[in-house]
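Below is one structure; the comments refer to it alone.
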Amino acid sequence: MSNFRKVLAILVILTALLGCNVQKYQTLERNTKPNVLFILVDDLGLHDLGYTGSLFYETPHIDGLSKQAMIFTQGYAASRVCSPSRASLMTGKFTARHGITDWIGAKADTAWRARQRHNKLLPADYVRNLPHEDVTIAEAMKHAGYKTFFAGKWHLGDEGSYPEDHGFDINKGGFHRGGPAGGFFSPWSNPKLKSRTKGENLTLRLAHETADFITQHKDSTFFAFLSFYAVHAPIQTTQAKWKKYRDKAEAMGIAATGYKMERVLPVRQVQDNPVYAGLVETMDDAVGIVLKALKENGVADNTIVVFTSDNGGVASGDHYATSNLPLRGGKGYQWEGGIRTPYLIKVPWLDVEGTRSNLPVISTDFYPTLLDLAGIPLTPEQHVDGVSLKPLLEGDPIKLDRPFFWHYPHYGNQGGSPTSTIRQNNWKYIYYWEDGSEALFKLPSEECDASNVIEDEPQTARRLRVKLMSWLKEMNAKMPEMDSEYDKEKATRRLQRIKNKKWPSLEEDRLKVLDKDYKPNTNWWKSELTVD
């Protein structure tokens, strides 16, 4: 046989094999429901990742995932704090609709006075358990034949309102607490996840539990929800990772100051905390463990992967861990830094690798999008505040002029104040309940919160205010009330203490963590575990 005929015969065989593989894959796509892996990080800021522009934190696994996913550059969380945002993920409803408007456990009404904040308002009361009348996304998946799994932070109610009470077959680590009880190294204090070995890392343990679930159910259809306690305070890491990032900060040049004063608290301006950086990297290591499990079990090509955060990064309050610049504020704030988050959706059989969408989307959209991608009938009466993004993922441009609503009638631990907000198209309007003041910002612009244009656009502000107030009335939203015991002098003295004592103390603490001889207050970095 001539060389030409040999080459031709090989090409014919390869074409036939390729055709068989394509046909086989298309058949799989048509006849098999996809698996779903949902990865939720706690308090991760939009700019805390390599692919979103951080030059300090290292997140190679998440950066790699972003190259395989559609990147939504204007992705929002449904709330500036955790419990309301998580309830919206589970129900597909905005916070004023389901009633969980603050983190569960926060003081409200007259009990707020015990915090000695001396605020003008008493925060509104709120729902303290995920409503059982709602059909969660886990319950919808389970009804469709999925094996459902939850690992990590829940914070959506006490006993009787745990993950297993809302559609999850398996619960590893989810209970009423919002932070990692006992810290990130064993022995921790979690009644739903006992530690196994001394110095075990909680973040990696949750990843291994999820990977084990994937291995055990690779031949079935699963919905796995990995909800990290990281990168919530207390921020902790290993000594090796601390040293790596301390040296990196020094090489990059340590800024003389790290904070500036916001309205009531200092806000971090630089990403240079080596402890937080280590915590972020460990979370990324854990993501790598789970993505590796998908590949090794042969299910990566039939598994949708979602990656997001429940709110913005902690720039003040809690542990003042990161900077969200150029976004203003962070967790607990009404500005973009509090509600803009990483937002990735990977659909292996769709051509979305590394594409970017500037369409404003919000976390309530995950519920209908995942049902739609899985071929499960939508239930718009449940996920009423979300829309399916499937058409966009399939390459069909969609234009949505729907409004987003945020209602937070509370004071955040991080410095935010009671506000209600509406975003529609390129406008965001904020109403401040303390004094009835207003703000209007033009979007998209990462520095939009610095430019209040309400005087230039009074008609736009009026239109959005009417729409916002009408919606709150329709929701029967609970409102804060004036505190009859408000003392302006005490409030002023507290603010002065923050400026004169807290702020300098934060600057000193920042430099201590970057000192070569830094020692943590506890022995939490005895753990020197490495990723398997």
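What you are looking at is a predicted structure, and each value in this text was computed from that prediction instead of being measured.
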Got a list of side-chain donor-acceptor pairs under 3.5 Å for residues 304-311, not counting sequence neighbours?
{"residue": "Thr308", "atom": "OG1", "partner": "Pro342", "partner atom": "O", "Å": "2.8"}
{"residue": "Ser309", "atom": "OG", "partner": "Val41", "partner atom": "O", "Å": "3.3"}
{"residue": "Ser309", "atom": "OG", "partner": "Leu44", "partner atom": "N", "Å": "3.0"}
{"residue": "Ser309", "atom": "OG", "partner": "Leu44", "partner atom": "O", "Å": "2.9"}
{"residue": "Ser309", "atom": "OG", "partner": "Asn311", "partner atom": "O", "Å": "2.9"}
{"residue": "Asp310", "atom": "OD1", "partner": "Asp43", "partner atom": "N", "Å": "2.9"}
{"residue": "Asp310", "atom": "OD2", "partner": "Arg86", "partner atom": "NE", "Å": "3.1"}
{"residue": "Asp310", "atom": "OD2", "partner": "Arg86", "partner atom": "NH2", "Å": "3.2"}
{"residue": "Asn311", "atom": "OD1", "partner": "Cys82", "partner atom": "N", "Å": "3.3"}
{"residue": "Asn311", "atom": "ND2", "partner": "Asp43", "partner atom": "OD1", "Å": "2.9"}

Next item on the list: Before accepting this row, confirm whether a basic side-chain N of the pair Glu58/Lys244 lies closer than 4.0 Å to the acidic partner's carboxylate O.
Entry: yes
Check: Mind checking what makes side-chain contact (heavy atoms from CB on, under 4.5 Å) contact with Asn119, not counting sequence neighbours?
Finding: Trp112, Arg117, Tyr411
Notebook entry, point to check: Does a salt bridge link Asp285 with Lys241, judged by any charged N lying under 4.0 Å from a carboxylate O?
Noted result: yes
Margin query: Could you go through Tyr51 and Ile62, starting from their C-alpha distance and side-chain angles, then the distance that decides it, and tell me whether this counts as side-chain contact (heavy atoms from CB on, under 4.5 Å)?
Written below: CA-CA 8 Å; Tyr51 89 89; Ile62 299 167; 4.2 Å; yes
Notebook entry, point to check: Salt bridge between Glu485 and Arg113, side-chain N to carboxylate O under 4.0 Å?
Noted result: yes
Check: Using 4.0 Å as the upper bound for N to carboxylate O, is an ion pair formed by Lys192 and Glu164?
Finding: yes
Item checked: salt_bridge(Arg246, Asp515) N-O dist < 4.0 Å -> no
Notebook entry, point to check: To the nearest 0.5 Å, what is the distance between CG (Leu46) and CG (Leu325)?
Noted result: 12.0 Å
Margin query: With a sphere of 6.0 Å drawn around NZ of Lys346, does it hold more than 12 non-hydrogen atoms of other residues, nucleotides or ligands?
Written below: yes
Check: For Phe441, what residues pass the ring pair (Phe, Tyr, Trp, His ring centres under 6.0 Å) criterion, not counting sequence neighbours?
Finding: none
Item checked: Pair Lys67 + Asp63: basic N to acidic O under 4.0 Å -> no
Note to self: Under a 4.0 Å threshold between the charged nitrogen and the carboxylate oxygen, would Glu434 count as salt-bridged to Lys120?
What the structure shows: no
